[in-house]
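Here the structure is a predicted model, which means the values were calculated and not measured.
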Amino acid sequence: PQGQEDMVNTLLALNKHTVVYMQAIGQMDIESFKDTAPAILWSTYNGQAQGNAAGRILFGEKDPAAKLPFTWYSDLDQLDSILDYNIRTREATEEREGSNGRTYQYFSGDVTYPFGYGLTYSSFTYSGLTISDSEVTPDDTLKVEFDVTNTSARDGAEIAQVYVVSPGADKINRPA
């Protein structure tokens, strides 16, 4: 919010070890300090123990293991008016302007952090990926299996993300 960006930048100029902790419902414009801050912790509103939880993460007692539930756009000027409900990317024509689209599925502009982004104090490797079928119909079940291994010396949790895309999806008549 207004004024807080200046405060964050002033604090970072005074102490380069400042961690930025934000608590908000949605994305924030952090472009002016995202490359200066040594760490940024974002959390949505998370109940009566939120201060305790944030402190445990900031002091390294607990491993942050979440992923962003939305895309952080790097510049809101890339987006159409919030009153434009067409979320798909579209080419410019003589009658209308083009659009970068919206959401992780359709947005084609620059992003600060993509949907599902998240860091942790731990490190993990994925191996042994198997997929039950190379082709499926809408009535089939696809089984995906893999191993996730914590390769660090500290406990941690990983949120594995798997995405399936229809190869025939044109993102207009059929969603990806």
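Side-chain atoms of Trp72 and Met28, non-hydrogen and from C-beta on, do get closer than 4.5 Å to each other. In this structure the side chain of Trp42 never reaches within 4.5 angstrom of the side chain of Gln27, judged on heavy atoms. The side-chain heavy atoms of Ile25 and Thr44, taken from C-beta on, include a pair separated by under 4.5 Å. Using a 4.5 Å cut-off on side-chain heavy atoms (C-beta onward), Thr89 and Arg102 make no contact. Side-chain contact between Phe146 and Ile131 is absent, with no heavy atoms from C-beta onward closer than 4.5 Å. In this structure, Val144 and Thr130 have side chains that are not in contact, with every pair of non-hydrogen atoms separated by 4.5 Å or more.
Atom CG of Leu14 has more than 12 neighbouring heavy atoms from other residues, nucleotides or ligands inside a 6.0 Å radius.
With Asp63 contributing its side chain and Tyr121 its backbone, the two residues share a donor-acceptor pair below 3.5 Å. With hydrogens and angles ignored, the 3.5 Å screen pairs no side-chain donor or acceptor of Asp77 with any backbone N or O of Leu79. Side-chain atoms of Ser74 do not come within 3.5 Å of backbone N or O of Thr112 as any donor-acceptor pair. Panel note: side chain Thr18, backbone Leu12; no donor-acceptor pair is recorded below 3.5 Å.
Separation of atoms CD1 (Ile159) and CD (Gln161) is listed at 7.0 Å; rounding is to 0.5 Å. To the nearest 0.5 Å, atom OG1 of residue Thr36 and atom NZ of residue Lys16 are 12.5 Å apart. Between Leu11 atom CG and His17 atom NE2 the span is 14.0 Å, to the nearest 0.5 Å. Separation of atoms CG (Asn150) and CZ (Phe124) is listed at 4.5 Å; rounding is to 0.5 Å. The CD atom of Gln78 sits 11.0 Å away from the OG atom of Ser99 when rounded to the nearest 0.5 Å. Interatomic distance, CZ of Arg90 versus OH of Tyr106, reported as 13.5 Å (0.5 Å rounding).
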Derivation of the side chain to side chain contact (heavy atoms under 4.5 Å, CB included) call for Tyr113 and Thr71: CA-CA 6 Å; Tyr113 302 113; Thr71 297; over 6 Å; no
Begin with the C-alpha distance, continue with both residues' side-chain angles, and end with the deciding distance and a verdict on side chain to side chain contact (heavy atoms under 4.5 Å, CB included) for Leu41 and Leu58. CA-CA 8 Å; Leu41 176 62; Leu58 291 170; 4.0 Å; yes
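Grouping the Ile, Leu, Val, Met, Phe, Trp and Tyr side chains by contacts below 4.5 angstrom, directly or via other members, places Leu119 with Leu68. Side-chain heavy atoms closer than 4.5 Å link hydrophobic residues (I, L, V, M, F, W, Y) into clusters, and following such links, even through other members, never connects Val20 to Met7. In the hydrophobic cluster analysis, where Ile, Leu, Val, Met, Phe, Trp and Tyr join through side-chain heavy atoms closer than 4.5 angstrom, Leu129 is grouped together with Val148.
Between Phe115 and Tyr163, the ring planes lie perpendicular to each other; the angle is over 60°, past the 30° to 60° tilted range.
Defined by atom type and a distance below 3.5 Å, a donor-acceptor pair is present between the side-chain atoms of Glu158 and Tyr126. For the 3.5 Å distance criterion, the side chains of Thr151 and Thr125 fail to qualify, holding no donor opposite an acceptor. Using modelled atom types and a 3.5 Å distance limit, the side chains of Ser43 and Gln23 yield no donor-acceptor pair. Checked by atom type, the side-chain pair Thr137/Asp139 shows no donor-acceptor distance below 3.5 Å.
When all heavy atoms of Met22 and Ile30 are compared, the pair lying nearest together is SD-CG2, 3.6 Å. When every heavy atom of Ser32 is checked against every heavy atom of Asn9, the shortest pair comes out as OG-ND2, 3.0 Å. Closest heavy-atom contact between Gly156 and Ser122: CA-OG, 3.4 Å.
Checked against the 6.0 Å centroid threshold, Tyr73 and Phe107 count as a close aromatic pair.
Checked for salt-bridge contact, Lys62 and Asp155 miss the test: no charged N lies under 4.0 Å from a carboxylate O. A salt bridge is absent between Glu61 and Arg154: the closest approach of a Lys/Arg side-chain nitrogen to an acidic carboxylate oxygen does not fall below 4.0 angstrom.
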